[in-house]
Structures are given as structure tokens and as C-alpha cells.
Amino acid sequence: MSWPALYAQLVGANRHSTSLGKVWLSVLFIFRVMVLVVAAESVWGDEQSDFTCNTLQPGCENVCYDQFFPVSHIRLWCLQLVFVSTPTLLVAMYVGYRNHRDKQRLVQVCVNKSQEEELETLKKRRLPIAGALWWTYACSLVFRLLFEGGFMYALYVVYDGFQMPRLVQCDQWPCPNLVDCFISRPTEKTIFTVFMATASSICMVLNMAELAYLVAKAVTR
Amino acid sequence: TPLVPPADPDLESKMNWGTFYAVISGVNRHSTGIGRIWLSVIFIFRILVLVVAAESVWGDEKSGFTCNTQQPGCNSVCYDQFFPISHIRLWALQLILVSTPALLVAMHVAHRRHIDKKIMKRSGRGSPKELEHIKNQKFQITGALWWTYMISIIFRIIFEVAFLYIFYLIYPDFKMVRLVKCDSYPCPNTVDCFVSRPTEKTIFTVFMLAVSGVCVLLNLAEVVYLIGRACKRCLRGSDDESKVPWISQRLSSYRQNEINQLIADHSLKSKFTVTKKSPTEKGERCSAF
């Protein structure tokens, strides 16, 4: 189970999205998942091994690293991407349920050759976004927005902003006094944090636009 | 050694560049010949070389960066000062951003197919065979698609040049030096720091920049080719189909087909009802024309 498997799941659910939803999926996978796997993971790869404190005291580096990095950026982003992709599966589940219900109705009503054809069209049809599907879709958009915002806020709060400092000062036990600890590749980490935050905001804007479009469509109906 | 080794990182990266390749090469069908060459150059000479060769050259860039001091933290700080962002990451970002405008074209083609399908369904010819035909149809690069294609090429050129410029700003000399001198805190004085594999890095940097230049030239050639083709079409002038927007072409062709169908149906009916000329039939005949 990995990113390509998630992509396969989401693309299946994508058939019932609006065009903005399809653009959102591309932005998610190209500018966030791809960049995470291909670039960001190697930047954070040596985050703990290269975290050096100006002391020989054993255990001081571990303790200081743990104090300043409760959750690594990479793990936060992975969780964010997983949570943000999941509401789409709500829509897929609802469509599956509708298809199942219609199939049962079809089986009861017509009992001849045309049933096979009808079943095929049922599977391949694209449901219009109206009624209960509209509500499911709108709920999924709201959840996406909440998760995106929540994780961005969490990152901002845990790391006091999006910038990574070069030097942190730590005096947890067993460090003998206030020691300087140096973070590896702080500039590159800052660049990627800002990039991922920007991509996240673009996704949020797309979601809000999609929600506005759905509401407008419903109002005109 | 990192405390938590990632699970087979090479396979993960390859898988993702692989999915990326699958997504981007879907656009290939609607590109010009030069566009296809450009796509192959991107995948073979840039992405493949990046994944297979360059990543291992830069793999030990931080662990192999040694400063002539025992002061803890001096290594990290000096590395960060001289390498704000690694070449590998810059190239990966450049490749992602440069390949993405091609998706604009894919979206436009999908939009056209969607409209085609809608028109077909409305004119009552929604048989699966015809819908399949629409899916596999290759669109001519004319009208609005020409503009989308042109815009995507221009964005490609802008991104390539922007990244080349950023590269020049951060690393003004394309040559990788063997030795840098550093005196940021906490280094006690000006220390010598040694970069690992400088010659190999220089070779790969020059290679990647050269291929980048080749890609820019290919894009410029494609722009010139497209403009040339459009001018030729304009000058020919006798082809007024290209002046009419694509959608009204489609609608008029389907309306004509409907009319033809009605005429065919009516001629069949009139064979069997020669004597009876009811007013409704007369009305039908009139509306068919």
C-alpha cells in the first residue's frame, strides 16, 4: 500500500467530481505527493543523525532533538495528505451504495436480455451532482478544508512558524548546561516548508472555489 | 547512518517518477512531432539520468562535507551556508514544474471530448461504439487548442529559464569548488571545508544544464513551427472551416445529420402511404426542409 495505490483509488472516485475537483487531484499528486517523495524525504532523511549538540554528554542530543522536533515535518505532511484524500472516498462509497440499490431494483423489474445492457450502463454512468450526492460531496469538501487548515495550523504552532532555525539552545537533563544544538540543512528545509505550505493553500483555494460553485449551482436550480 | 532507514527509497522514487511519466506521456498523442521529441529528451536525458546517476553522486553531499575543525556544529552551519538548496532538489523541482504545463493541453482535450459526448447524446446517437470513437479521436491543433498549446509551451520556456536563472544566482559558477572557507558561528575562526566529489558534480551539472538548454531550443522551435503552421492556414484562406469556431462546426454537422435522417425516414414512410396525404405529413415534409 503506497502512494500509487492511493492514487488509483482516488482516480476511480474522481469520475463523479467537478472539473475543479479533477484539477485539485492533479495539484495534490503532482505538487505535493511527488515533491514529498522525490525531494522532501531526502532533505529530512538525516534530520536526527545530523543533529549535533556542542557536548559529549551521552543522551543530550537525543533529548534535545526530541524536545525541538516532537513530530517530523515529513510525517505531518504524510498524515495531512492521507487525511485530505479520504473524504473523496465518502463520495465513492455513496456512489457505490446508489449503484448497488439501483442494481437490485433493476434485477427485480426486468428479467430478460436487456438487463445485462442496463447493468453495464448503470456501472458506467456518471451521476449528476444533485440531491443526496450534492450533500455528500459538499460534506467531503468541508472536511477536506478542515483537515488542510488543521494540519497547517498544527505545523505552524509546533514549529513556531515556517522557518527552520540553524541553532537551538537546549538545557534538558542530561545536558550539563545550556548547549548549542545545530540543525542540518535549515535553509533547504525552510524552502520546502514554504513550498508545501503554498501548495496546501492553493489546494484550499481550489476547494473553496469548488464549494462556491456547488452552492451556486444548487441555488440556480 | 540514519536511525530510521526509509523503505527502499529507490523503488519509491522510481515508482513515483514512473506514475508521473504515465500521466505526462498521455499528452503525447496530441503533441506535435517536436513535442514528442522534447518529452523523450526530458524523460531519458533528464529524469532517468537524475534518478540513475546524479542522485548517487550527491548522495553523500552532507556526510562527505568535512571541515578542518572539531568544533561541533561547524560542519552543519558551513554546509548550510554554501548549499542553501541541493542541486538534486532544484533539478527535481525544475522537472516537475516544466512538465506540468502539458497537463493544460490534456485538460483542454478532455473538455472538448466531454462537449462532443454531450452533443452526441443530445442528438440521440449515444451508442457505446460512437462514444468509444470519441475517446480515441485525435484532435487537430487548431482554434482554442492551438492557443492552449502555445500557452503551455510558453510556460515551459518561462519555467526552464527561471530555474536556470535561480541556479545561476545560487551557484554563480557552474564549476563545483573543492574547497570553501567558512567563518560562521560556531566555527572558531576561518576554517577550510572540503566538498565531496567536486569534479563528478561539475560534470553532471554541466550535462544537466546543457540538456536544459537543448530543451529550451526544442520549445522555441516548436513555437516557431506552430506559428508557421497557423500562418500557412491563414494564408490559404479557402479553408473557412478553420475560421468557424469548432463547436458550431460540430453542431451544424450533427444538425445536418439529423436532417438527413429525417429525410430518409420520411422517404421510407411515403413509399407506403402514397394515396393518403394527411395535413400532418405535409407539415412534417415542410419542417424537414
Side-chain angles (χ1 to χ4, degrees), chain A residues 2-5 7-8 11 19 22-23 26-27 29-56 61-62 65 72 74-75 117 120-121 124 126 164 166-168 179-192 195, chain B residues 1-9 11-20 22-24 47 50-51 55 58-59 61-63 71-77 79-81 83-86 88-93 95-97 99-100 103 106-107 110-111 114 117 126 128 131 170 184-186:
Chain A
S2 58
W3 293 116
Y7 180 69
V11 158
S19 333
K22 294 177 183 157
V23 171
S26 308
V27 169
F29 269 90
I30 295 178
F31 292 101
R32 294 173 73 182
V33 176
M34 260 217 86
V35 168
L36 185 80
V37 172
V38 155
E41 276 185 354
S42 33
V43 176
W44 268 266
D46 58 2
E47 51 180 335
Q48 185 163 9
S49 53
D50 262 358
F51 183 79
T52 342
C53 290
N54 190 0
T55 177
L56 284 177
E61 280 181 6
N62 279 8
Y65 177 82
S72 166
I74 297 283
R75 259 70 71 184
E117 246 179 58
E120 273 305 304
T121 41
K124 291 206 179 120
R126 192 181 161 216
M164 183 72 81
R166 261 186 193 179
L167 161 70
V168 290
V179 294
D180 290 338
C181 292
F182 299 92
I183 298 175
S184 85
R185 313 180 203 249
T187 316
E188 205 164 1
K189 287 180 181 172
T190 308
I191 292 175
F192 275 96
F195 182 92
Chain B
T1 48
L3 286 166
V4 184
D8 207 3
L11 189 61
E12 276 285 311
S13 326
K14 276 195 194 118
M15 274 173 91
N16 260 282
W17 281 117
T19 359
F20 188 64
V23 168
I24 298 287
I47 295 184
L50 186 81
V51 169
E55 277 185 355
W58 268 267
E61 53 179 335
K62 181 119 198 305
S63 49
Q71 174 64 40
C74 182
N75 264 11
S76 283
V77 165
Y79 177 82
D80 185 62
Q81 184 184 347
F83 301 101
I85 178 166
S86 166
I88 295 281
R89 256 75 68 183
L90 261 181
W91 288 329
L93 281 178
L95 287 167
I96 292 175
L97 282 175
S99 315
T100 335
L103 294 177
M107 285 196 273
H111 173 72
H114 180 67
K117 258 193 220 173
L131 292 174
I170 300 179
S184 335
Y185 177 82

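Sequence lines set the chain letters: A, B, ... in the order given, protein chains first and strands last, and positions in each chain run from 1.
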Q | Between B:P186, B:S76, B:G59, B:P84, the one whose heavy-atom pairs under 4.5 Å with chain A are most numerous | A | B:P84
Q) How long is the gap from CD on B:Q71 to CZ on A:F182, to the nearest 0.5 Å? A) 6.5 Å
Q) Relative to chain B, which segment of A:D180 carries a heavy atom at a distance below 4.5 Å: side chain, backbone, both, or neither? A) side chain
(Q) Report which part of A:F31 has an atom under 4.5 Å of a heavy atom belonging to chain B: side chain, backbone, both, or neither. (A) side chain
Q. Checking A:F29 against chain B: side chain, backbone, both or neither under 4.5 Å from a heavy atom?
A. neither
Q: Between chain B and each of A:N54, A:V33, A:T52, count heavy-atom pairs under 4.5 Å; write down the option with the most.
A: A:N54
Q. With chain A, which of B:A92, B:S86, B:S99, B:C74 has the greatest number of heavy-atom pairs at distances under 4.5 Å?
A. B:S86
Q. Chain A heavy atoms under 4.5 Å from B:L103: which part of the residue, side chain, backbone, both or neither?
A. side chain
(Q) Which atoms of A:S42 are under 4.5 Å from chain B, going by heavy atoms: the side chain, the backbone, both sets, or neither? (A) both
Q) Looking at A:C181, A:S19, A:A39, which has the largest count of heavy-atom pairs under 4.5 Å with chain B? A) A:A39
Q: Examine whether an atom of A:L167 lies under 4.5 Å from a heavy atom of chain B, and if so say whether it belongs to the side chain, the backbone or both; otherwise answer neither.
A: side chain
Q. Hey, are the side chains of A:F192 and B:I85 touching, using non-hydrogen atoms and a 4.5 Å cut-off?
A. yes
Q. For B:D80 and A:R185, which heavy atoms make the closest approach, and how far apart are they?
A. OD1-C, 3.7 Å
Q) Which region of A:I30, side chain (C-beta onward) or backbone (N, CA, C, O), has a non-hydrogen atom less than 4.5 Å from a non-hydrogen atom of chain B, or is it both or neither? A) both
Q: Please lay out, stage by stage, how A:T187 and B:F83 fare under the test side-chain contact (heavy atoms from CB on, under 4.5 Å).
A: CA-CA 8 Å; A:T187 316; B:F83 301 101; over 6 Å; no
Q.
Rounded at 0.5 Å granularity, tell me how far CD in A:E188 sits from CD1 in B:I88.
A. 10.5 Å
Q.
Which residues pass the side-chain contact (heavy atoms from CB on, under 4.5 Å) test with B:Q81, not counting sequence neighbours?
A. A:R166, B:C182, B:S184
Q: Check B:P72 against A:C53 and note the closest heavy-atom contact, atom names and distance.
A: CB-O, 3.8 Å
Q) To the nearest 0.5 Å, what is the distance between CG (A:D50) and NZ (B:K62)? A) 3.5 Å
Q: Find the distance between OG1 (B:T100) and CE (A:M34) and round it off to the nearest 0.5 Å.
A: 9.5 Å
